[in-house]
*Asks:* 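Shown below is the structure under consideration.
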Number of protein chains: 2
Amino acid sequence: MARKIDTDTFGFLATDISRLIRADLDRRIGETGIGLTAGEGRTLIHAARAGSVRQNVLAERMGVEAMTLSSFLDRLEARGLVTRRPDPADRRANLIEITEAADAVIGDIQSMSASIRHRAARGIDPAEWERFLSVLKTVRNNLAEQRGEPQRRSPGSAS
Amino acid sequence: MARKIDTDTFGFLATDISRLIRADLDRRIGETGIGLTAGEGRTLIHAARAGSVRQNVLAERMGVEAMTLSSFLDRLEARGLVTRRPDPADRRANLIEITEAADAVIGDIQSMSASIRHRAARGIDPAEWERFLSVLKTVRNNLAEQRGEPQRRSPGSAS
DNA sequence: TCATGATAATCAGGTAAGCTTATTAAATTC
DNA sequence: GAATTTAATAAGCTTACCTGATTATCATGA
């Protein structure tokens, strides 16, 4: 065995972390009876942030295919958390908007997210965490770039 | 909309990055005809690193259930990349070992992994990258902790 | 020593998050 | 106004997990 095998490289770490987050999220979702899967929650947050958007735009921002988004929206719409409104400017398109009922759910998602973040960041000092987040954004943009995905300028406040 | 909505938080970034990595990996796997899925590849690398291990130990190290690992191993074994050898010390258990044929595949996986890493790290200076990796490890350990998963001391060389 | 309970692996079956390909209706372009 | 492109979706697939039940074996305490 001449080769050195390392399971602590970037790709492994990222994959592990994502799986741990998903598992934790699933557990909390089960406990709190929030009634949404991780993907649906992600969709809802993106929709909330985007305001009134076409599906194709939202899909591109989320980095998923139109069809994938369409399924998430089906379930969110069935639960009354988003609406699909025909775009007056293009009869092929829908505008996605969140409903008032979504507010409470968004609050729940955000507090779950904050709680996971706190656990993840334990023992890391705040300045280091900010640095870390900014590298994460760079990495995401690097990876998203040659995928046809539009580059994101980081707009909101970091957290 | 009184709430500030941010899609650049830790959880979102981590999820995005993991999806991008997976997609990229899938694309490369398709191109190079390596014949393994991401999960199988991950299993193979962990097995290579572990030497001769019981399945339950390997599963725990990988952070998956025993059954999940069992399926991965079925496919790796069918491709002749690992063997299940009865553990002489416990007739319930198997010892997993990689075969010689696995060496080439491991090499391929490692170079894919390196290439993704290079792309991810573009524009980030090496010292910053090391810092970043070390925070990633802390985060993984933080998240893995209260999940029953054993804490990992970071053993190998970072990269 | 033997009944009881724990453990290692696996069978059966399920779910969630993606994907691709094809279709339809509407918009755009030449 | 014919040909192309685009927005959404239907249909169906794959991967990576999971849980619960089952079987064989091991460990333990009376």
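Convention: sequence-line order gives letters A, B, ...; per-chain numbering from 1.
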*Asks:* Please work out which of the three classes, parallel, tilted or perpendicular, describes the rings of A:F10 and B:F132, given edges at 30° and 60°.
*Replies:* tilted

*Asks:* Could you state the interatomic distance from NE2 (A:H46) to CZ (A:R61), rounded to the nearest 0.5 Å?
*Replies:* 9.5 Å

*Asks:* Roughly how many Å is it from CD1 in B:I96 to C1' in C:dA9, rounded to a whole number?
*Replies:* 10 Å

*Asks:* Looking only at side-chain N and O atoms, does B:R117 offer a donor or acceptor that is under 3.5 Å from a partner on B:S113?
*Replies:* yes

*Asks:* List, with names and distances, any nitrogen or oxygen atoms from the protein found under 3.5 Å away from nitrogen or oxygen atoms belonging to nucleotides 21-27 of chain D.
*Replies:*
from: D:dT25; atom 1: O2; to: B:R92; atom 2: NH1; distance (Å): 3.2
from: D:dC26; atom 1: OP1; to: B:R91; atom 2: N; distance (Å): 2.8
from: D:dC26; atom 1: OP2; to: B:R91; atom 2: NH2; distance (Å): 3.3

*Asks:* According to a hydrophobic-cluster definition based on side-chain heavy atoms being under 4.5 Å apart (Ile, Leu, Val, Met, Phe, Trp, Tyr only), do A:I96 and A:L36 belong together?
*Replies:* yes

*Asks:* Measure CG/A:D87 against C1'/C:dA27 and give the value in whole Å, please.
*Replies:* 12 Å

*Asks:* Quick one: B:I29 CD1 to D:dA16 C1', roughly how many Å, whole number?
*Replies:* 13 Å

*Asks:* Whole angstroms only, please: what is the CG-C1' distance between B:L58 and C:dA9?
*Replies:* 13 Å

*Asks:* Between P on D:dT14 and CD on A:E65, what's the gap in Å once rounded to a whole number?
*Replies:* 18 Å

*Asks:* For A:E60 and D:dA7, what is the distance between atoms CD and C1' respectively, to the nearest whole Å?
*Replies:* 13 Å

*Asks:* A:E77 CD to D:dT9 C1': how many Å, rounded?
*Replies:* 13 Å

*Asks:* Quick one: B:R27 CZ to C:dC19 P, roughly how many Å, whole number?
*Replies:* 14 Å

*Asks:* Quick one: CG on B:D90 to CZ on B:R54, what's the gap to the nearest 0.5 Å?
*Replies:* 4.5 Å

*Asks:* Would you say A:F72 and A:I21 are hydrophobically clustered, going by side-chain heavy atoms of ILVMFWY under 4.5 Å?
*Replies:* no

*Asks:* If you draw a 6.0 Å radius around CD in B:E31, do more than 12 non-hydrogen atoms from other residues or ligands fall strictly inside?
*Replies:* yes

*Asks:* Between the protein and nucleotides 10-17 of chain C, which nitrogen or oxygen pairs are less than 3.5 angstrom apart?
*Replies:*
from: C:dT10; atom 1: OP1; to: B:R84; atom 2: NH1; distance (Å): 3.2
from: C:dT10; atom 1: OP2; to: B:Q55; atom 2: OE1; distance (Å): 3.3
from: C:dT10; atom 1: OP2; to: B:Q55; atom 2: NE2; distance (Å): 2.9
from: C:dT10; atom 1: OP2; to: B:S70; atom 2: OG; distance (Å): 2.7
from: C:dT10; atom 1: OP2; to: B:R84; atom 2: NH1; distance (Å): 2.8
from: C:dA17; atom 1: OP1; to: A:T37; atom 2: OG1; distance (Å): 2.9
from: C:dA17; atom 1: OP1; to: A:A38; atom 2: N; distance (Å): 3.3
from: C:dA17; atom 1: OP1; to: A:G39; atom 2: N; distance (Å): 2.5
from: C:dA17; atom 1: OP2; to: A:T37; atom 2: OG1; distance (Å): 2.9

*Asks:* Could you state whether A:M67 and A:L58 fall into the same hydrophobic cluster, counting links through intermediate Ile, Leu, Val, Met, Phe, Trp or Tyr residues with side-chain heavy atoms under 4.5 angstrom apart?
*Replies:* no

*Asks:* With a cut-off of less than 4.0 Å, is there a side-chain N or O of A:N56 near OP1 or OP2 of D:dT6?
*Replies:* no

*Asks:* Kindly compute the distance separating OG1 (B:T15) from CG (A:L25), expressed to the nearest 0.5 Å.
*Replies:* 8.0 Å

*Asks:* The side chain of B:V64 lies closest to which of these nucleotides: C:dG18, D:dC17, C:dA8?
*Replies:* D:dC17

